[in-house]
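Structure first, commentary second.
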Amino acid sequence: MAGEKKPSEKAPGKKKTSEKKPAEQKAGQKEGGEKKKRVRKHHASRNPVLARGIGRYSRSAMYARKALYKRKYTAPETKIEKKKKEKPRATITKPVGGDKNGGSRVVKIRKMPRYYPTEDVPRKLLSHGKKPFSQHKRRLRASITPGTVLILLTGRHRGKRVVFLKQLDTGLLLVTGPLAINRVPLRRAHQKFVIATSTKVDISGVKIPKHLTDAYFKKKRLRKPKHQEGEIFDTEKEKYEITEQRKTDQKAVDSQVLAQIKKVPQLRGYLRSTFCLSNGVYPHKLVF
Amino acid sequence: VFKRFVEIGRVAFISFGPHAGKLVAIVDVIDQNRALVDGPCSGVRRQAMPFKCMQLTDFVLKFPHSARQKCVRLAWEKENINEKWAATRWAKKIEAREKKAKMTDFDRYKVMKAKKMRNRIIKHEMKKLQKMASKKGKKPEKLEKSEKPAKPAKAKKSEKVQKAQKVQK
């Protein structure tokens with residue numbers, strides 16, 4: 001440190017040496033510290049081999065030779081153990097109303113079960129790989145890419161040709177015949193019930209709003225019967241009403257898609273038409 | 001009765017088997033059922049081939065029997081068989097069939113629209129002629145005018161063929 005304080009006056013050669021010393025000291029300290037941290041080289045086996053599988057010394061002799069009495073390791077405290085230390089609260093005091101009741105009671109948080117079954121349920125065998133639906137692997141046929149024209153086979157819009165936008169998280173396909181062309185709104189379609197044609201629309205520049213997810217499209221059901229048996233069936237949604245949000249989303253997506261469709265000649269008319277089979281037309285012989 | 005004969009140099013079209021769809025020249029006859037055959041310009045090695053899988057074409061080449069491949073190739077190229085074949089109706093039909101099988105859904109739609117348009121035009125012309133004919137009564141002019149539909153029909157046909165070719169491309 002003293003050497004560092006005289007840089008300008010002294011010659012550059014000396015400066016270097018003075019700087020080197022503290023650097024060396026530091027290096028020395030570093031090595032010592034590193035040695036302590038670094039794993040020591042493993043010793044060769046302290047148990048000479050007499051014949052294959054047979055050593056010269058017994059277990060207890062080896063214990064002494066390896067000095068295991070000095071080396072006792074414990075595993076680092078795992079997260080589970082850490083969590084276990086934090087014991088949860090067993091009781092809680094709750095205020096109680098009434099004049100002569102003493103104001104509060106000490107109540108158990110986790111109470112004993114109020115019913116024990118006659119026969120205990122047997123322990124289930126372990127299984128592996130049984131995942132819930134949300135964790136399933138979603139696949140998509142190679143023939144279906146964003147912008148492909150699909151033919152819907154089931155549902156209200158069967159036979160209609162429709163543009164594929166993207167696959168949603170549950171694996172269903174987000175699809176829009178642009179509404180102006182064939183009255184198919186932004187809708188979900190199932191991959192299995194769809195024929196993928198080889199006609200593609202260039203959708204690379206189309207931005208699909210991020211809030212169009214499965215939750216957005218899920219059917220809503222009212223389930224709050226107020227214990228009146230007279231009108232339960234009427235209160236449930238009979239007629240589906242198109243919300244304003246759906247309309248705006250439809251416009252936003254369709255305007256972009258329509259622009260791309262107009263670039264391809266006759267594609268608009270193609271999307272307007274429906275698919276049908278007639279005499280002599282066999283699906284297994286058709287090239288889609 | 002028979003116009004095409006099995007002879008040395010006859011060009012044949014292979015209808016089935018591993019070389020289906022290719023042209024070969026008959027170089028020699030082995031026995032009642034087989035011929036020595038060679039297709040240097042169509043990728044068929046010199047080999048024996050049963051007559052059953054061959055269909056004779058109109059083309060005959062000039063080379064002696066058992067001529068080697070070089071001679072066959074020379075004769076083939078001199079006669080320009082490949083181009084002549086492509087110009088025949090037979091080859092064109094085969095090509096049209098292939099194209100039809102490859103049509104995608106969108107192509108089928110386009111063809112349907114083209115056909116519809118063509119038929120409308122034809123019908124329109126026919127109706128016009130019929131009207132004229134019925135108006136003017138049973139005059140000999142009828143014969144002249146019945147020839148006319150051939151022309152507009154052909155004109156529309158060529159349009160349709162062009163459109164169909166566009167579609168198939």
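Letters A, B, ... are given to chains in the order of the sequence lines, protein chains preceding strands, and every chain is numbered from 1.
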Original post:
Among A:Leu267, A:Thr197, A:Leu286, who wins on heavy-atom pairs under 4.5 Å with chain B?
Top reply: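 Of the options given, most contacts go to A:Leu286.
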
Original post:
Taking side chain as C-beta onward, heavy atoms only, is A:Val264 less than 4.5 Å from B:Phe106?
Top reply: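 Answer yes - side chains close enough.
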
More than 12 non-hydrogen atoms from neighbouring residues, nucleotides or ligands closer than 6.0 Å to [atom1] on [X], yes or no?
X: A:Gln245; atom1: CD; answer: yes
X: A:His190; atom1: NE2; answer: yes
X: B:Arg4; atom1: CZ; answer: yes
X: A:Arg141; atom1: CZ; answer: yes
X: B:Arg34; atom1: CZ; answer: no

Subject >> Nearest heavy atoms of B:Ala101 and A:Val287, plus distance in Å >> reply: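 Looking at all heavy atoms of both residues, the shortest contact is O-CG2, 3.3 Å.
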
**OP:** Looking only at non-hydrogen atoms, find the nearest pair between B:Tyr109 and A:Gly269 and report the distance.
**Re:**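 Closest heavy-atom pair between B:Tyr109 and A:Gly269: OH-C, 3.0 Å.
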
Original post:
About how many Å separate NZ of B:Lys113 and OH of A:Tyr270, when rounded to the nearest 0.5 Å?
Top reply: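 Answer rounded to 0.5 Å: 13.0 Å.
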
